[in-house]
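These notes are about the structure you will find just below.
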There are 2 protein chains.
Amino acid sequence: MAEQDKPSKRVQPRIARRKDVAELAQVSPSTVSLVLNNTPGPRIPDATRQRIIDAANQLGYQPNAVARALVTGKTMTIGVVFHYIGNPFYDTASSWLNGAWSVFHPHEYRILLGEGDEEKPLAGLYRQRGVDGMLMLVPPTSPEDQDKELQFMIEADFPCCAIGARLKADIGDYVDTDNFGAAKMMTEKLIQAGHKRIMHITGPHLFNSSAMDRLNGYKQALKENGIEIDESLIRYGNYTGTMGEDLLNEAMDEGVKFTAIFAANASTAHFAIKLLRKRGLDVPKDVSITAIDRPYQNEPLDYELVTYQQDTYGIGKKAGELLLERIMSDEVLPSRNCYVEGTFIDGNTIHPV
Amino acid sequence: MAEQDKPSKRVQPRIARRKDVAELAQVSPSTVSLVLNNTPGPRIPDATRQRIIDAANQLGYQPNAVARALVTGKTMTIGVVFHYIGNPFYDTASSWLNGAWSVFHPHEYRILLGEGDEEKPLAGLYRQRGVDGMLMLVPPTSPEDQDKELQFMIEADFPCCAIGARLKADIGDYVDTDNFGAAKMMTEKLIQAGHKRIMHITGPHLFNSSAMDRLNGYKQALKENGIEIDESLIRYGNYTGTMGEDLLNEAMDEGVKFTAIFAANASTAHFAIKLLRKRGLDVPKDVSITAIDRPYQNEPLDYELVTYQQDTYGIGKKAGELLLERIMSDEVLPSRNCYVEGTFIDGNTIHPV
DNA sequence: ATATCTTGGTAACATGGGTTATCAACGCTA
DNA sequence: TAGCGTTGATAACCCATGTTACCAAGATAT
């Protein structure tokens, strides 16, 4: 039987290894490590140091990150897990990422985009030792699955930070907007303008803590102002504009009376306004609207929503800081909750009753 | 001198290694590899196989990705290098990413976000052996630096794909919109409506091939229609809306006459329209506008731009496919250029002269 | 009984670099 | 000259895996 040749591989010019540098500089590989890593302790005279540094430069040597990760146990990589309905990466992700990036980049940490897989959403990155910490934006699975998946990470006190939704499991930190407070404030703005029949189109409150918090903030505002909660005014949505539109349509067809809407998020508000107009109503004359976040940040639309704009960049940054601290720390830090303040935008979508 | 204790580390429950599985299954570590990787050749009876699989499940074993990468030389990671003025990740990045993701995810490739560092933009990821291939969105440095930085990768035929701008260096593939064709088409739309004095606000044409191609497309359209190129109508911008606004302002202050604008990108168009309105002009009655791309994809604004919408998801997907093919292939593939078709949007920003 | 084949599996090496115990050579002192 | 400290560096081990050459034991053929 003829021995089979290996398939011919791309011919790659050998990338310099420690050994190559060592040979060129006439020292042992260990010495190269000692010098290039500036390891304290061993005394290497400047002449030798320089010889090694020159050799390294000449060869364009950079230590193999994989080998280094194997021996140090640190990959210098942060896993970022995004999840959104049907879309691993969604629009606003970029400002979160930029915030986190601003923290990690100076420390030479890289960002690895997460699994996005329904079956093994998180554990993979951790159990395969691929990352040193994890930033989670929106829990990837239902609460039950989470617990199972997160079990490994919890037991290991694996450095984690959740953004935009609290994890059910008590693991790592949580950074977000004060959704409860923001929702309460946005509802109060309507109440202060004299509104009493305020509809709330919610987010997926069963699976997402921010949606739940906003719903509770809405209820609290009503309570504190002596307005009875009318369940027919609460429409359970999922943060998508189309769903919000359908719910509103339905409510109006049912003949539910209201003079204002507090929408759980920007997209819901945007589509609600579109629908109201389509049905011949004026915003805000006929219906006032507040929300959380604003469609198309920083850009003028033909209305200016009264809203509470989350500081997504700030949230990403803060989350990065907490996570980095957690990674650096030798001790197990307690879980921390952290709210990043947003901005109230006083638009033109409220009209006094 | 008292011997110093190592700082106490987080106590982590030991993550199962191959060795642990081997012990539990009463076999050698090698056998574990053979079974779990389904290595062809060695004959392991089903009973033993099952014992190993059970042990692995029981321990939640997943092979250490780092060790595996070291020995195989494949990290199963794609580097994605984004660069934009001041912003490592910009808004539309998400659709590119989603396109690329749709290709890589099924093959178990992960995405590592690139350097974003002016000094060592690309070489790091490659030379440190961190990634198996690279997707580059917008060249990170000036053309000169690129050549120097890319030298290593070129010599190695390192799998690369550029998106949104050709690299000067001949390395890997290039996927983009047909910028020349699109620009020509958008200029022709204006010409067909009778316009002859058409201003073009460009992108950074000295550093970015897409901006250059669009400029050339604009010129070509004029030429083919017998319209002389008037340099005072070409304003050299950089794709940012604010810059475009300034340039337009300047041109108008200079008293340059024009009846239409072909804007190099969406942001430029958007800000141009805002400025024109601010200066009391109507779009399109006084000034017609076309562009490439549309501000705020998929959402209605109070105008509908006549534009050529790039298929960013498609570009990301195509780039992913070419890159993957390149990574999988043992041979050195020739450089390929590939245009992904976009969509013409027939808006309302053209008015016949 | 001996040679040969098959089955089932393992030992050993390689990957590239961090870390530490150790060591040779040299100069100085008693 | 022996003993000792210092300087300058290195050999050896470790990380967790993939891979291949090899081997022991039993079965079969001669």
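As a basis for the values below, the full set of heavy atoms in this structure was taken, side chains included, without hydrogen atoms, waters or symmetry mates. Per chain, numbering begins at 1; letters A, B, ... match sequence-line order.
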message: Can you measure A/Leu34 atom CG to C/dG17 atom P for me and round it to whole angstrom units?
response: 14 Å

field: hbond_proxy A/Arg18 side chain to C/dG16 base (donor-acceptor, 3.5 Å cutoff)
entry: no

query: Hey, does A/Val66 reach any base, or is it just sugar-phosphate, or nothing, if we go heavy atoms under 4.0 Å?
result: nothing

field: Minimum-distance nucleotide (side-chain atoms of B/Arg17 versus D/dA16, C/dG17, C/dG9)
entry: D/dA16

task: Compare side-chain N and O positions of B/Tyr61 against OP1 and OP2 of D/dA16 and report whether any pair is under 4.0 Å apart.
output: no

- line: Taking C/dG16, D/dA9, C/dT10 as options, the one with an atom nearest any side-chain atom of A/Ala67 is C/dG16

message: Between B/Ser30 and A/Val71, which residue's closest nucleotide on DNA chain C lies nearer the 5′ terminus?
response: B/Ser30

task: Identify the heavy atoms of A/Asp132 and A/Pro159 that sit nearest to each other, and give their distance.
output: O-CG, 3.6 Å

query: If you measure from the Lys or Arg side-chain nitrogens to the Asp or Glu carboxylate oxygens, is any gap between A/Arg326 and A/Glu321 under 4.0 Å?
result: no

- prompt: Taking side chain as C-beta onward, heavy atoms only, is B/Thr48 less than 4.5 Å from B/Val35?
  reply: no

- request: Identify whether any heavy atom of A/Thr39 sits under 4.0 Å from a base atom; if not, whether one sits that close to sugar-phosphate; answer base, sugar-phosphate or nothing.
  value: nothing

message: Taking 4.0 Å as the cut-off, does a side-chain nitrogen or oxygen of B/Arg68 come that near to OP1 or OP2 on D/dG18?
response: yes

message: Rounding to an integer number of Å, can you tell me how far B/Ile44 CD1 sits from D/dT20 C1'?
response: 13 Å

query: Under 4.0 Å: is that the gap between some side-chain N or O of A/Ser33 and OP1 or OP2 of C/dG17?
result: no

task: Measure distances between side-chain N and O atoms of A/Thr31 and base N and O atoms of D/dA9, and say whether any donor-acceptor pair falls under 3.5 Å.
output: no

message: Within the structure provided, determine whether A/Val81 and A/Leu137 are in side-chain contact (heavy-atom separation under 4.5 Å).
response: no

- prompt: Is the base of D/dG8 touched by the side chain of A/Arg43 through a donor-acceptor pair closer than 3.5 angstrom?
  reply: yes

- prompt: Any side-chain N or O of B/Asn64 less than 4.0 Å from the OP1 or OP2 oxygen of D/dT17?
  reply: no

field: Trace of the side-chain contact (heavy atoms from CB on, under 4.5 Å) decision for B/Leu324 with B/Ile78
entry: CA-CA 9 Å; B/Leu324 195 60; B/Ile78 305 294; 5.7 Å; no

- prompt: Once you round it to whole Å, what is the distance between P of D/dC15 and NZ of A/Lys74?
  reply: 18 Å

- prompt: For C/dG9, does OP1 or OP2 lie under 4.0 Å from any side-chain N or O of B/Thr48?
  reply: yes

